[in-house]
Each structure stands twice: as structure tokens, then as C-alpha cells.
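Keep in mind that what you see is a predicted model, and the values were worked out from it rather than measured. The figures that follow rest on heavy atoms only: side chains count, while hydrogens, waters and symmetry mates do not. Reminder, nothing fancy here: chain letters follow the sequence lines and each chain counts from 1.
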Amino acid sequence: MVNLIAQTACFGLLPKTIGTVSLTEVDAGPVTLIAPHKGQQKTVSAALKTAIGLGFPAPNRSVGTSPRVLWCGKEQALLIGAECPDLAEAACVDHSDAWAIVQINGADASAVLARLTPIDLRASEFKRGHTARTLINHMTGGITRLGAQSFEVMVMRSMAGTLVHDLTQAAENIAARAELSG
Amino acid sequence: MRLPCPICGDRDRREFYYQGHAGMLDRPARDADPQAWNNYLHFRENPAGETRDLWHHEAGCGAWIVVTRNTVTHEVSGSVLAEKST
């Protein structure tokens with residue numbers, strides 16, 4: 001049998017530090033998309049709560065840290081960092097290795113993301129534990145706030161290279177401007 | 001331009017795909033007469049005032065929504081999920 005070597009989505013591209021911002025890839029471990037059947041969200045939420053201690057998140061929210069459940073669309077959520085329990089009332093699809101997830105940390109993290117996404121990233125509007133499905137430059141993806149200067153950006157794995165390129169370019173532009181005015 | 005998504009709140013227009021008048025939701029019965037189907041497929045109102053449009057929040061939550069807007073003032077006055085619109 002051929003022994004294949006597993007590579008993460010951003011292998012060879014990250015980590016990077018540009019100006020005040022650092023980009024690091026997140027190895028999410030097992031990821032499962034959970035889509036409760038019509039009208040079954042409460043049942044699924046209760047089953048999840050029993051199995052992993054976390055319920056189904058409200059729209060635009062994430063719950064838990066490790067494992068965690070991240071809302072990712074109408075009546076859909078991603079269970080990240082734990083094997084999916086048996087949920088009879090939901091469609092569960094394995095998304096492990098399907099996402100490229102990049103953490104962006106640093107003083108200018110929100111300034112960098114503001115160049116790429118149309119959503120309001122101010123701390124008063126987009127708080128820790130908030131998540132959004134939105135545009136990241138030309139790609140659809142998700143943005144989650146992890147802390148005051150820390151965000152997580154995710155797109156489908158096939159767009160990992162573009163995501164790193166776009167984040168790098170935005171961060172370089174911000175750093176260049178800071179250098180000019182500094 | 002921002003559109004109110006019932007799930008995500010106010011979002012940039014770039015996140016949405018425009019489908020057309022919300023009349024597309026009122027599909028005639030399979031055995032409806034050809035005139036009804038003709039009207040459904042080809043005839044659209046062109047109101048000066050309030051109209052309802054179907055938008056898809058494709059770069060967001062993925063919901064189909066019905067947005068009410070005014071063609072005279074360009075005011076967007078609200079939106080509901082297409083599955084809940086009557």
C-alpha cells in the first residue's frame with residue numbers, strides 16, 4: 001500500500017508575520033457539517049448537548065472552544081474538534097480536511113480583514129464568539145472573532161492559496177502604510 | 001447599498017444575488033391554463049412605488065429572502081424569509 005503523507009491546506013504557505021499581524025494555520029481536527037432535518041433543530045441541539053456538552057448555535061454565533069460548534073449557514077453548523085455523535089434527526093457530512101482555516105492575530109488584524117470583507121468588524125458589533133458567513137475578497141467564507149485582536153478566517157480548502165495571498169497582500173499594504181506614516 | 005437579511009441583519013449588497021420579482025413564488029398549478037403560465041413566466045408589474053423582490057443571500061447564510069423596496073424612493077423597508085412569505 002502506498003503510504004500517503006497528509007498535508008494541511010496551507011502547507012508551505014504559513015505561518016507568516018507581517019507588520020503587527022501574524023497568520024497561522026489552524027489544524028481543526030475532525031470537522032462535521034450538521035444540518036438538522038426540517039423542524040428538528042431543538043432535538044438535535046439536545047442530542048448534541050448530551051453527547052458533547054454543547055448545543056446547536058444560534059445564527060451567527062459559535063459555542064465552546066474545544067470542541068466547538070460554529071454556525072455556518074441557515075440551519076447548518078460545523079462541529080469542530082470532536083467526532084460527530086450519532087444524530088438521527090440531522091444530516092451529518094464529514095468536512096475534515098475540507099476547510100482552510102487561518103488565524104489572524106495582532107493589533108492590525110481587524111484593519112487587515114476590513115480590506116477584504118464587507119461586514120462590520122468593530123468590537124461593539126462583532127464580539128467574541130460571533131461568527132459570520134460573508135465574502136473574503138472574492139471568496140465566500142466564514143469569519144469568527146476569537147478575541148480582541150484575534151480572528152479566524154475559513155474558506156473551502158481549494159481556495160487556501162488565494163486566501164493566504166489575499167491576507168498577505170492586505171497585511172503588507174497595512175504594514176507599508178504604517179511605515180510611511182510612522 | 002445594504003439589504004436586511006432576516007437571519008444575518010444588514011449586509012452588503014455584494015453578498016446577495018438578485019433573482020427577480022417575488023411573484024416567482026406564486027407558481028401556478030401544474031394543470032393551470034396556458035394563460036396563467038404565460039403570465040407567470042413572462043408578465044411582470046412595473047410599479048412606481050412598493051415592490052417585492054427575491055434575493056439569495058448567497059455569500060452569507062444561504063437563505064432566499066423577499067425584500068420590500070420602493071422603486072420611487074429606493075427605500076428598502078423590510079425583508080422576510082421566502083419560506084415564510086405569503
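- To the nearest 0.5 Å, atoms CD1 (B:I65) and NZ (A:K74) are separated by 11.5 Å.
- By the neighbour-count criterion of 12 heavy atoms within 6.0 Å, atom CZ of B:R2 is densely surrounded, having more than that number from other residues, nucleotides or ligands.
- Proximity to chain A (any heavy atom under 4.5 Å) is shown, for B:R14, by both the backbone and the side chain.
- In terms of heavy-atom proximity, B:C8 sits nearest to A:N60 at CA-ND2, 3.4 Å.
- Within a 6.0 Å radius of CG in B:D33, more than 12 heavy atoms belonging to other residues, nucleotides or ligands are found.
- Within 6.0 Å of atom OH in B:Y18, more than 12 heavy atoms from other residues, nucleotides or ligands are found, so the atom counts as buried in its surroundings.
- Distance check, rounded to the nearest 0.5 Å: CZ of A:R133 to CD of B:E15 gives 10.0 Å.
- Using a 3.5 Å distance cut-off with no hydrogens or angles, the side chains of A:T140 and B:E58 do not pair a donor with an acceptor.
- Looking at A:Q76, neither its backbone nor its side chain comes within 4.5 Å of chain B, counting heavy atoms on both sides.
- The main-chain N or O of A:I119 is never found under 3.5 Å from a side-chain atom of B:D12 such that the two would form a donor-acceptor pair.
- Atom CZ of A:R128 sits in a sparse spot, with 12 or fewer heavy atoms from other residues, nucleotides or ligands closer than 6.0 Å.
- Within a 6.0 Å sphere centred on CD of A:E83, heavy atoms belonging to other residues, nucleotides or ligands number 12 at most.
- Note on A:M139 and B:Y17: separate hydrophobic clusters, where clusters join Ile, Leu, Val, Met, Phe, Trp and Tyr whose side-chain heavy atoms are under 4.5 Å apart, directly or indirectly.
- In this structure, chain B has heavy atoms under 4.5 Å from both the backbone and the side chain of A:A132.
- When each of B:I7, B:L81, B:D10 is checked for heavy-atom pairs under 4.5 Å with chain A, B:I7 comes out on top.
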